[in-house]
Visitor: 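Would you mind keeping the following structure in view while I ask a few things?
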2 protein chains.
Amino acid sequence: MGTTGAITDASLRAFVGYDMKRAFNALQADLSRTLTPFGLRMMTFSALSLVVENPGLRPSQLATVLTIERANLVVIVDELEQRGLLTRTPSTTDRRAHALHVTDQGQSLFAKANRAVAEHDARMIAGVAQHLQPQLKDALRQIENSAKQDVV
Amino acid sequence: MGTTGAITDASLRAFVGYDMKRAFNALQADLSRTLTPFGLRMMTFSALSLVVENPGLRPSQLATVLTIERANLVVIVDELEQRGLLTRTPSTTDRRAHALHVTDQGQSLFAKANRAVAEHDARMIAGVAQHLQPQLKDALRQIENSAKQDVV
DNA sequence: TTCAGATAGTTTTGCCGCATAACTATTATG
DNA sequence: CATAATAGTTATGCGGCAAAACTATCTGAA
């Protein structure tokens, strides 16, 4: 067995950051399994969702919302475009820019994937008391804001 | 500017997983800045903390607690050992195994880093109502468990 | 009006986190 | 005692992500 008895991470458990890392890692691993049948990853699913919700979105805007660099978005859009899930058409008003639109095929795949993700998310949060669920989301958004403002 | 008006991610915001990803990413970025002055990353800080708390821990046990593969722990321990923060000594009872111990220098560095991380963590959670903070941690641990059990 | 600076998209490169496979040395077990 | 299991290690590769450098285009101020 071990050294003497049980191993403890009590010191780290004092940090909400540690709890978040563990929860998110476990959730992410499980979500990946949910998305694999659709040929999607977290990032490609999120990108698809945002283009569905914001037709005509430009790549740079999408990168901003996803908080990743434009450079990294290129391969994501490449992948989705090559699979015929979205289109990249030149902008009519700005010849530098492109407009992103989801194809019918992309819409269809997204609808199915979104249902699966919704079910997955429900499973994840099921163990949290109903009345605490909105407060949990509020707390997470508050932490996101605290972390961003802390940059200063 | 944009396409028409504001870009929305309301569809993704319905998922607690999305809120968690964003919160964790922001927190992690900020925590990295906190740890940089100590020459530590999240992973090396966590490893150091666990060895401080569990002297004589074996690498395989450490990997299990950190939920990473033994193979990846090697480089982490290598790094900490080369910096003189911990020692890797042969186990007396099992000639395959090693025992990890933090050096005085490691203890000293960890004490300082731990204080900085504690302050960082306090800033992160400061925006969450005091009475909700323990419930937030409970919820995160519950989600971690839900995600792990969902593998089945 | 023109030209310097900003912006959009892209390519390249590299680091970090993490998984898998394969290997050696040692221990445990049927 | 032979086989299986375990501890540590090395090598390899993928995904997420950042930084730098480049071209094409747009914008704003002298």
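So that the names make sense, note that chain A is the first sequence line, chain B the second, and so on, each numbered from 1.
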Visitor: Grab the CG-P distance between B/D78 and D/dT10 for me, whole Å please.
Guide: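 The answer, rounded to whole Å, is 7 Å.
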Visitor: Under 4.0 Å between a side-chain nitrogen and a carboxylate oxygen: does that hold for B/R88 and B/D78?
Guide: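 Yes, charged N to carboxylate O under 4.0 Å.
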Visitor: With A/M43, which of A/L48, A/I68, A/L35, A/N72 fulfils side-chain contact (heavy atoms from CB on, under 4.5 Å)?
Guide: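 The side-chain contact (heavy atoms from CB on, under 4.5 Å) with A/M43 is passed solely by A/I68 among A/L48, A/I68, A/L35, A/N72.
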Visitor: Just to confirm, is there a sub-4.0 Å distance from OP1 or OP2 of C/dC18 to any side-chain nitrogen or oxygen of B/R41?
Guide: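 Looking at the OP1 and OP2 atoms of C/dC18, neither is under 4.0 Å from any side-chain N or O of B/R41.
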Visitor: Return yes if a side-chain donor-acceptor contact under 3.5 Å exists between A/Y18 and A/D9, otherwise no.
Guide: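 Yes, because at least one side-chain N or O of A/Y18 sits under 3.5 Å from a partner of the opposite role on A/D9.
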Visitor: Rounding to an integer number of Å, can you tell me how far A/E79 CD sits from D/dC14 P?
Guide: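 So the CD-P distance, A/E79 to D/dC14, works out to 14 Å.
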Visitor: Going by the rule side chain to side chain contact (heavy atoms under 4.5 Å, CB included), which residues pair with A/T89 if we only count those two or more places apart in sequence or in a different chain?
Guide: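 Side chain to side chain contact (heavy atoms under 4.5 Å, CB included) list for A/T89, sorted by chain: A/T87, A/A99, A/H101.
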Visitor: Given that B/M42 and B/T93 both sit by DNA chain C, which one's nearest nucleotide is further toward the 5' end?
Guide: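 Upstream on the strand: B/M42.
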Visitor: Which nucleotide in the set D/dT9, D/dC17, C/dG9 lies at the smallest distance from any side-chain heavy atom of A/I68?
Guide: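 Selected nucleotide: D/dC17.
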Visitor: Report the distance from atom CD of B/E81 to atom P of D/dG8, rounded to the nearest whole Å.
Guide: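 After rounding, the gap between these two atoms is 13 Å.
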Visitor: If I take atom NE2 in residue B/H98 and atom P in nucleotide C/dT27, what distance separates them, rounded to the nearest angstrom?
Guide: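 From B/H98 NE2 to C/dT27 P: 12 Å.
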Visitor: Can you tell me how far C1' of C/dT10 sits from CD1 of A/I76, to the nearest Å?
Guide: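 The answer, rounded to whole Å, is 14 Å.
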Visitor: Between the main-chain N or O of A/F110 and the side-chain N or O of A/R115, is there a donor-acceptor pair closer than 3.5 Å?
Guide: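 Such a contact is absent between A/R115 side chain and A/F110 backbone.
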Visitor: If you assign each of A/K21 and A/A97 to its closest nucleotide in DNA chain C, which residue comes earlier from the 5' end?
Guide: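 That would be A/A97.
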Visitor: Whole angstrom is fine here: how far is it from CD in A/Q61 over to P in C/dA8?
Guide: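 Value for this atom pair: 8 Å.
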Visitor: Got a sec, which pairs hit salt bridge (Lys or Arg N to Asp or Glu O under 4.0 Å) with one end in residues 61-71 of chain A, sequence neighbours left out?
Guide: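 Matches after skipping sequence neighbours: none remain.
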Visitor: May I ask you to say whether A/E144 pairs ionically with B/K21, meaning some side-chain N is under 4.0 Å from a carboxylate O?
Guide: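 Here A/E144 does not pair with B/K21 in a salt bridge, since their nearest N and O are not under 4.0 Å apart.
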Visitor: What is the distance, rounded to the nearest whole Å, between atom CZ of A/R58 and atom P of D/dT25?
Guide: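 A/R58 atom CZ is separated from D/dT25 atom P by 16 Å.
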Visitor: Using atom CG of B/L73 as one end and atom P of D/dT10 as the other, report the distance to the nearest whole Å.
Guide: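 Nearest whole value for this atom pair: 13 Å.
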Visitor: Below 3.5 Å is the cut-off: list the nitrogen or oxygen pairs between protein and nucleotides 20-26 of chain C, distance only.
Guide:
unit_1 : atom_1 : unit_2 : atom_2 : d
C/dT26 : O2     : B/R96  : NH1    : 3.4

Visitor: By nearest nucleotide on DNA chain D, pick out whichever of B/V74 and A/Q28 is the more 5' one.
Guide: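 Checking each residue's closest nucleotide, the 5'-ward one belongs to B/V74.
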